[in-house]
Structure formats: structure tokens, C-alpha cells
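Right, one structure below, let's go through it.
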Amino acid sequence: MGLGSSTETPRRVETAQQVVEQERKPTILDKPWRDVTWDESTKTKLMQSLKEYKPPIDSVPQARILIIGVVSAGKSSFFNSINSIFRGNITSQAEAGEMATSLSLKYRTYQVKAGRGGQPLAFLLCDTMGLEAGKDGGVKTEDIESILKGYVPDKYSFNSVQAMDTTGCQTGSRLPVQDRIHCVVYVIDATKLAIIPQEMKSKVDEIRKETKYHEVPLMVLLTKVDKACPHVEKDLKNVYRSCYIKDLIYRASEGLGIPVLNVHPVKNYFHELNLNDTCDILLLTAMQKMLNFADGYFDNWEEDTE
């Protein structure tokens with residue numbers, strides 16, 4: 001089933017104007033459908049958990065998380081946001097912005113350090129060129145497969161017309177696990193989920209099939225949730241009380257054929273000058289889930305090699 005398709009109500013084929021109108025009049029639940037404690041101690045525990053994380057396989061120094069998504073969905077901004085939390089101030093190491101074409105033209109692996117001058121944490125956030133609907137636009141599906149296998153080096157420049165030549169790369173199914181991708185995160189702009197072009201849905205379906213074939217867990221980040229619902233814009237703590245955000249999460253789950261628990265809403269830092277605990281908790285929770293999924297990949301890898 002393609003992303004956004006359904007046999008339920010006509011809302012699955014809303015026009016952009018209908019989507020906007022519904023976003024203006026969402027309802028809110030009396031109680032959140034996911035329980036979150038929005039206080040500083042929660043943030044502190046999440047940060048400590050990420051600082052202490054280590055991949056369960058000794059030969060793997062860092063879990064590799066691949067971030068994919070359409071142009072301006074918030075891929076690079078997610079890294080910047082996580083990096084900002086551990087630095088203690090807003091940073092912008094990865095280039096991010098609202099552009100019609102991808103700002104990320106190279107494959108980049110970004111480290112997050114435990115504070116300024118601190119030790120790198122045991123995970124890498126891997127950023128790619130943005131997905132585009134056209135056949136010759138954005139990162140190619142073949143390049144995504146090469147990244148999953150560990151063929152693509154850091155700072156490799158993408159070619160939107162021709163995929164990377166992997167002729168000289170090591171072949172076979174048992175490539176070094178430390179070089180492979182251990183979790184894929186598909187970043188979706190919450191304000192545009194209902195109006196994704198069919199060409200883009202088809203490209204995402206191809207990538208989803210690749211992740212399934214290579215047994216790499218797939219997770220979704222639903223970004224810009226504050227812009228999608230006025231209740232959330234007013235107070236980010238309403239994210240799990242918003243009926244509209246809940247519906248978007250279920251749509252993403254259904255469209256990609258993944259469990260609802262694999263879909264997480266976040267708000268990246270974009271124009272803010274200071275950090276916010278509520279925003280940090282959403283971001284850190286998503287990061288922790290990515291590492292949990294990566295651990296599942298490592299468990300399967302060890303079972304297959306026994």
C-alpha cells in the first residue's frame with residue numbers, strides 16, 4: 001500500500017485547501033493518548049541514556065542512523081536540533097533551510113558530542129540529498145541501497161542523474177556490520193503529508209521495499225507538528241492530545257505499513273534562539289527510539305551469524 005492511500009473516508013484524497021481548512025478546526029482529546037512527563041528530569045534521563053548508549057556488537061563503535069526525506073522536510077534540522085541539545089545552545093552545523101531543491105548535495109555522517117569538546121556519542125546521523133518526485137531529481141533509490149550496504153563514503157557527492165558506480169565495491173550479503181545502516185528514518189513534513197505527489201509515494205515505496213529486503217528497521221519522524229495544528233502551536237505539550245496529529249501518525253503508519261509506535265512527532269529548532277525542555281523531550285525520545293530500533297537490527301544480525 002502506497003503512502004497516504006486508503007479505502008476508508010474521502011479525507012484520504014483531500015485537496016490542499018481542504019487540508020488547510022481541517023487543520024484550522026482540529027479537536028483536542030481530554031487525555032493524551034501517549035503518556036509523557038514534561039519536566040526537566042525526563043529530559044535529563046533521556047540525555048543520560050543517549051550518553052551511555054553503546055551498540056551491543058563490539059565491532060560496531062557507533063550505530064548509523066540514515067535520515068531520508070523530501071526537500072525541506074527537516075532532515076538536517078533534526079541533526080542540528082539534537083546537536084543543540086547536547087551543546088546546550090542552538091547550533092547549525094548541518095546546512096538547513098526552506099529551498100525548492102536539496103541543500104544536502106553530499107552524503108554526510110554527523111557526530112553528536114557530549115557537550116562542547118566532549119566525547120562523540122555512540123551513534124552517527126547520516127544525512128542524504130533530499131528526495132524529489134521526478135526521476136532525475138534528488139537522491140536516487142539505487143544510492144539509498146548503496147548507503148544501506150555501507151558502500152557510500154562520507155562526503156560523497158550525489159549525482160541526481162546517475163547512481164553511484166558500485167562495480168568495485170565488495171559484494172555479498174555479509175558486508176561489515178559497522179559500515180552498514182542500522183536504522184532508516186523517513187522525515188515527513190506534517191503540514192504536507194496529505195498532499196504528497198504520487199511520484200513521491202512510488203519512490204518512497206521503493207525505498208521501503210529496500211529497507212525491508214535488507215532487514216533495516218524503518219521509523220518516521222513527523223516534523224513541523226506545531227505548524228500542522230493550532231493547539232500544538234499554542235502549547236507543544238498538546239501534541240498527543242491533538243486529534244489531527246494522531247490521525248497523521250496513523251496515516252503515516254498505514255501508508256508505510258509500519259507500526260504506529262514507529263511514528264514519532266517532533267518539532268525541530270529553526271528560528272528559536274533558546275532551547276525548550278518540551279521540544280527537547282520530543283526530540284530526545286525520537287532519538288532514543290532510533291537507537292532501540294538499531295539494537296533490534298544488531299540482535300537480528302548476531303542471530304543470523306550464529
D205 with R208: basic N within carboxylate O range, under 4.0 Å: yes
Side-chain donor/acceptor of K75 to backbone N/O of T128, under 3.5 Å: yes
Taking Y53 as the starting point, is it possible to reach L124 by hopping between hydrophobic residues whose side chains are less than 4.5 Å apart? no
Interatomic distance, D179 atom CG to I147 atom CD1 [nearest 0.5 angstrom]: 13.5 Å
Count I, L, V, M, F, W, Y as connected when their side-chain heavy atoms are under 4.5 Å apart, and connections chain through other members. Are L193 and L131 then in the same cluster? yes
Salt bridge check: are K267 and E272 linked by an N-O gap of less than 4.0 Å? yes
Between Q62 and Q111, a side-chain donor and acceptor under 3.5 Å: yes
Among side-chain atoms of Y240 and D35, is any donor-acceptor pair under 3.5 angstrom? no
Quick one about S84 and T91 (side-chain donor to acceptor, distance below 3.5 Å, no hydrogens or angles considered), yes or no? yes
What's the separation between atom CD1 in I258 and atom OG in S253, rounded to the nearest 0.5 Å? 6.0 Å
Excluding sequence neighbours, so at least two apart, what forms side-chain contact (heavy atoms from CB on, under 4.5 Å) with S41? D39
Test side chain to side chain contact (heavy atoms under 4.5 Å, CB included) applied to K106 and D154, step by step: CA-CA 8 Å; K106 294 182 178 181; D154 186 31; over 6 Å; no
Indicate whether any N or O donor in one side chain lies under 3.5 Å from an N or O acceptor in the other, for Y269 and N83. no
Using 4.0 Å as the upper bound for N to carboxylate O, is an ion pair formed by R108 and D127? no
Matching residue for Y297 among I181, V177, I57, V184 - test: side chain to side chain contact (heavy atoms under 4.5 Å, CB included): V177
Of all heavy-atom pairs between N238 and H231, which one has the smallest distance, and what is that distance? ND2-O, 3.1 Å
Is it true that a side-chain atom of H264 and a backbone atom of A286 form a donor plus acceptor pair closer than 3.5 Å? no
Can you tell me how far apart OG (S146) and NZ (K140) are? Round to the nearest 0.5 Å. 12.0 Å
Hey, is the main chain of I281 close enough, under 3.5 Å, to the side chain of T285 for a donor-acceptor pair? yes
Paired with F79, the side chain to side chain contact (heavy atoms under 4.5 Å, CB included) test is passed by just one of I67, N268, V112, namely V112
Look at the side chain of T223 and the backbone N and O of V266, then say whether any donor-acceptor pair between them is shorter than 3.5 Å. no
Do NZ/NE/NH1/NH2 and the carboxylate oxygens of K203 and E199 come within less than 4.0 Å? no
Closest heavy-atom pair, L282 versus P265, reported as atoms and distance to 0.1 Å, is CD2-O, 3.6 Å
Side chains of E210 and T141, donor plus acceptor under 3.5 Å: no
Does CG belonging to D58 count more than 12 external heavy atoms closer than 6.0 Å? no
